[in-house]
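The block underneath contains the structure these notes are about, expressed in structure tokens.
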Protein chains: 2
Amino acid sequence: MLYDLLRPVRPLALNSARVVETSLRSDDLTVGMRAVLEVLAEQGPLTVPVIGDRLDLARQGIQRHVNDLIDRGLAEQRPNPAHRRSVLIATTPAGAALFERIRAGELARLGTMAAECGSAEIATALRVLAALHRDIRAEAGRS
Amino acid sequence: MLYDLLRPVRPLALNSARVVETSLRSDDLTVGMRAVLEVLAEQGPLTVPVIGDRLDLARQGIQRHVNDLIDRGLAEQRPNPAHRRSVLIATTPAGAALFERIRAGELARLGTMAAECGSAEIATALRVLAALHRDIRAEAGRS
DNA sequence: TCAATATGACATCATTGTTGTCATGTCTGA
DNA sequence: TCAGACATGACAACAATGATGTCATATTGA
């Protein structure tokens with residue numbers, strides 16, 4: 001039942017954010033900034049609107065996070081060969097290193113969780129979640 | 001990989017909220033009020049702190065939603081046999097009927113989604129998500 | 001009984017998602 | 001080529017909501 005699958009999604013998102021946020025406190029980062037950093041670390045330099053697409057958020061909110069990251073020296077603007085006005089945003093070496101450290105900590109924590117679930121089950125869960133997300137995302141797009 | 005399973009959770013929560021919120025507009029409800037209504041509809045009259053436990057939220061925030069529901073005639077206070085001060089919150093007939101209508105619409109929408117996933121896969125996804133939520137929730141509790 | 005805790009009520013704040021505007025750069029089709 | 005449509009950065013304002021603190025009162029357990 002998809003309804004029952006959807007029910008724990010928001011509490012899970014909340015508690016995940018709480019755990020992540022606790023670790024981020026000492027680095028003076030917010031979960032929003034961390035999310036942008038993650039996209040940049042994994043997908044390379046992107047424009048602000050593209051980051052918004054990746055995270056399903058409006059470009060205006062992303063711009064705030066990007067500005068905050070630049071203020072902290074964790075991200076920087078780069079000229080965009082394909083567009084004079086829309087610059088590319090990239091992680092600085094400090095930003096990339098910081099995110100690597102953050103992710104390592106998160107992976108360590110996750111390593112002990114859901115121990116009774118095999119990798120096949122987790123893979124199945126991932127596929128189901130992706131399918132549901134795809135269709136809900138499409139539904140949300142009809143606005 | 002649990003990390004990859006966790007990644008789409010927040011976008012999914014966001015897009016779900018967007019879809020639900022759109023339907024709630026016409027009823028002058030917020031997703032927070034809907035969440036409280038859902039708990040009351042499924043679990044019967046509860047006190048405000050208990051609703052907070054169910055939703056992993058602080059009682060103060062729940063109190064706001066409950067007050068909003070009472071203002072709209074969708075919930076009401078009932079005397080609590082076990083506690084003179086801490087009253088029970090229950091749906092009114094109007095609140096129960098409204099939530100039933102809301103849920104029917106949501107189920108209808110969900111009916112067409114993730115069509116390629118069988119019920120066994122969805123059940124597996126639910127188990128994995130529940131296990132992950134259990135452990136992340138415990139981790140979040142250590143604060 | 002008395003100290004610790006729980007609860008309602010109220011207040012404040014920070015984060016963040018949403019929306020709107022404007023000037024300017026870019027692109028597409030006539 | 002050019003004009004209109006669209007994209008983008010910058011800036012602003014707002015709403016929902018999660019987090020936190022306080023205080024008076026009720027409850028509970030030692």
Side-chain angles (χ1 to χ4, degrees), chain A residues 10-22 24-25 28-36 45-71 75-89 137 140-141 143, chain B residues 10-22 24-25 28-36 45-71 75-89 137 140-141 143:
Chain A
R10 176 151 168 75
L12 176 55
L14 275 174
N15 281 319
S16 303
R18 289 185 182 113
V19 172
V20 168
E21 200 174 22
T22 300
L24 293 177
R25 294 269 181 198
D28 188 34
L29 279 187
T30 65
V31 288
M33 290 158 59
R34 181 210 163 281
V36 170
L46 299 171
T47 67
V48 167
V50 169
I51 301 172
D53 289 342
R54 297 283 191 280
L55 294 174
D56 283 329
L57 292 170
R59 64 188 171 85
Q60 288 91 333
I62 301 296
Q63 187 76 56
R64 284 192 301 209
H65 295 317
V66 166
N67 291 341
D68 291 339
L69 287 172
I70 292 177
D71 288 344
E76 63 184 4
Q77 296 185 345
R78 290 191 193 171
N80 184 353
H83 202 290
R84 180 146 49 109
R85 178 168 192 177
S86 186
V87 297
L88 289 173
I89 310 298
R137 181 190 163 103
S143 61
Chain B
R10 176 149 167 77
L12 176 55
L14 276 173
N15 281 318
S16 303
R18 289 185 183 113
V19 172
V20 168
E21 199 175 23
T22 300
L24 294 176
R25 294 267 181 196
D28 188 33
L29 279 186
T30 65
V31 288
M33 291 159 59
R34 181 209 163 282
V36 170
L46 299 171
T47 67
V48 168
V50 170
I51 301 173
D53 289 341
R54 298 282 192 279
L55 294 174
D56 284 329
L57 292 171
R59 63 189 172 83
Q60 288 91 334
I62 301 297
Q63 189 75 56
R64 284 193 300 208
H65 295 318
V66 165
N67 291 342
D68 291 340
L69 287 172
I70 292 177
D71 288 344
E76 64 184 4
Q77 294 185 347
R78 290 191 193 169
N80 184 354
H83 202 289
R84 179 146 50 108
R85 178 169 193 178
S86 186
V87 295
L88 290 173
I89 310 297
R137 180 189 163 104
S143 61

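To find a chain, count down the sequence lines: A is the first, B the second, and so on, and within it residues start at 1.
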Distance, rounded to the nearest Å, where [X] contributes [atom1] and [N] contributes [atom2]:
| X | N | atom1 | atom2 | answer |
| --- | --- | --- | --- | --- |
| B:Ile62 | C:dA6 | CD1 | C1' | 16 Å |
| A:Met33 | C:dT15 | CE | C1' | 12 Å |
| A:Leu29 | C:dT15 | CG | C1' | 14 Å |
| B:Arg25 | C:dG17 | CZ | P | 16 Å |
| A:Leu55 | C:dG17 | CG | C1' | 13 Å |

Does some side-chain heavy atom of [Y] sit less than 4.5 Å from a side-chain heavy atom of [X]?
| X | Y | answer |
| --- | --- | --- |
| B:Gln60 | B:Arg64 | no |
| B:Val87 | B:Thr47 | no |
| A:Leu29 | A:Leu69 | yes |
| A:Gln77 | A:Ile70 | yes |

Taking the axis from the first five pairs and the axis from the last five, what angle separates them in the helix from C:dT1-D:dA30 to C:dA30-D:dT1, rounded to 10 degrees? 40°
Would you mind telling me which residue lines up with the more 5' stretch of DNA chain C, A:Thr30 or B:His83, judged by nearest nucleotide? B:His83
What one should report as the nearest heavy-atom pair of A:Leu55 and A:Ile62 is CD1-CD1, 4.0 Å
Going 5' to 3' on DNA chain D, which nucleotide is the first and which the last to come under 4.0 Å of a heavy atom in chain A? D:dT8 to D:dA19
From the list A:Asn67, A:Ile89, A:Leu88, side-chain contact (heavy atoms from CB on, under 4.5 Å) with A:Val48 holds only for A:Ile89
Touch class at under 4.0 angstrom, heavy-atom based, for A:Gly32 against every strand present: sugar-phosphate
Protein heavy-atom contacts under 4.0 Å, written 5' to 3' over nucleotides 8-14 of chain C as B (base), S (sugar-phosphate only) or - (none), form the string BBB-B--
Between A:Glu21 and B:Glu21, which residue's closest nucleotide on DNA chain D lies nearer the 5′ terminus? B:Glu21
Has B:Asn15 got a side-chain atom pairing as donor or acceptor with A:Ala140's backbone, closer than 3.5 angstrom? no
